[in-house]
Amino acid sequence: MGHMKTLYTTTAVATGDGRNGHVQTTDGLLATDVRTPLELGGTGGATNPEQLFAAGYAACFHSALKLVAGADGVDATDSEVVADVSLGAHENGAFGLSVALEVTIPGAERKAAEKVVVRAHEVCPYSNATRGNIDVVVTVA
């Protein structure tokens, strides 16, 4: 891909006990406890890294979608991106993620919506960061 010109950098700090600790950005805009979810044997009751990743990916992909739709003259009013992030275990004992993105663009014809979604997947920084590293399935509802 070549050299990337940095446009923005943010910093987050994790303290405590990993999945049962606290995360916060250095500017203080995000500050929350994290807990291991009940499904993984934890106490739950707070967000977790997978939820934070899902929220970030959904917002980022939606932004890319709106950018591409605007450039293509596609009406993305009331569009929505749902990100399902799954944590799994590999046979070698390592852990991994997979993502399913479901995109809804009510104001667009299906063919136009599909084209915009493909282009958004090429533009989105999260998609570019994960491509070839984790399974990401994108569908148009």
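Since the model is a prediction, treat every value here as computed from it, not as a measurement. What you see below is based on every heavy atom in this structure, not just the backbone, and it leaves out hydrogens, waters and symmetry mates.
Proximity of R110 to V140: side-chain heavy atoms (C-beta onward) are separated by under 4.5 Å at one or more points. Within the 4.5 Å cutoff, the side chain of H22 has no heavy atoms near those of the V13 side chain. In this structure the side chain of D78 reaches within 4.5 angstrom of the side chain of P106, judged on heavy atoms. V85 places a side-chain heavy atom less than 4.5 Å from the side chain of L97. In this structure, the side chains of L87 and L40 come closer than 4.5 Å at one or more pairs of heavy atoms. A 4.5 Å side-chain heavy-atom check between V99 and I134 finds at least one atom pair inside the cut-off. Residues T130 and D135 form no side-chain contact, since every pair of their non-hydrogen atoms from C-beta on lies 4.5 Å or further apart. Side-chain contact check for R131 versus N128: some heavy-atom pair is nearer than 4.5 Å.
Closest approach of V81 to F61, counting heavy atoms only: CG2-CD2, 4.0 Å. For V138 against V117, the heavy-atom pair with the smallest separation is CG1-CG1, 3.2 Å.
In this structure, the separation between SG on C124 and CG on L65 is 10.0 Å, given to the nearest 0.5 Å.
Within the 3.5 Å criterion, the main-chain N or O of C60 finds no donor-acceptor partner in the side chain of S63. Side chain of S79 to main chain of T104: no donor-acceptor pair is present (N/O by atom type, distance under 3.5 Å, no hydrogens or angles). Between the side chain of N133 and the main chain of A129, a donor-acceptor pair closer than 3.5 Å is present.
A single hydrophobic cluster is seen to contain both Y57 and F95, as judged by linkage of ILVMFWY side chains at heavy-atom distances under 4.5 Å, directly or through other members. Linking Ile, Leu, Val, Met, Phe, Trp and Tyr residues whenever their side-chain heavy atoms come within less than 4.5 Å leaves V82 and F53 in two separate clusters.
Other residues sharing a hydrophobic cluster with L52 under the 4.5 Å side-chain heavy-atom criterion for ILVMFWY residues are V23, V34.
Residue pairs meeting the salt bridge (charged side-chain N to carboxylate O under 4.0 Å, His left out) criterion with at least one partner in residues 18-33, sequence neighbours excluded, are R19-E50, D33-R35.
The 12-atom threshold is not exceeded at NZ of K115, counting heavy atoms of other residues, nucleotides or ligands nearer than 6.0 Å. Taking a 6.0 Å sphere around CD of Q51, one finds it holds more than 12 heavy atoms contributed by other residues, nucleotides or ligands.
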Under 3.5 Å, which donor-acceptor pairs do the side chains of residues 67-74 form with other protein atoms, sequence neighbours left out?
unit_1, atom_1, unit_2, atom_2, d
D72, OD1, R119, NH1, 2.5
D72, OD2, R119, NH1, 2.8

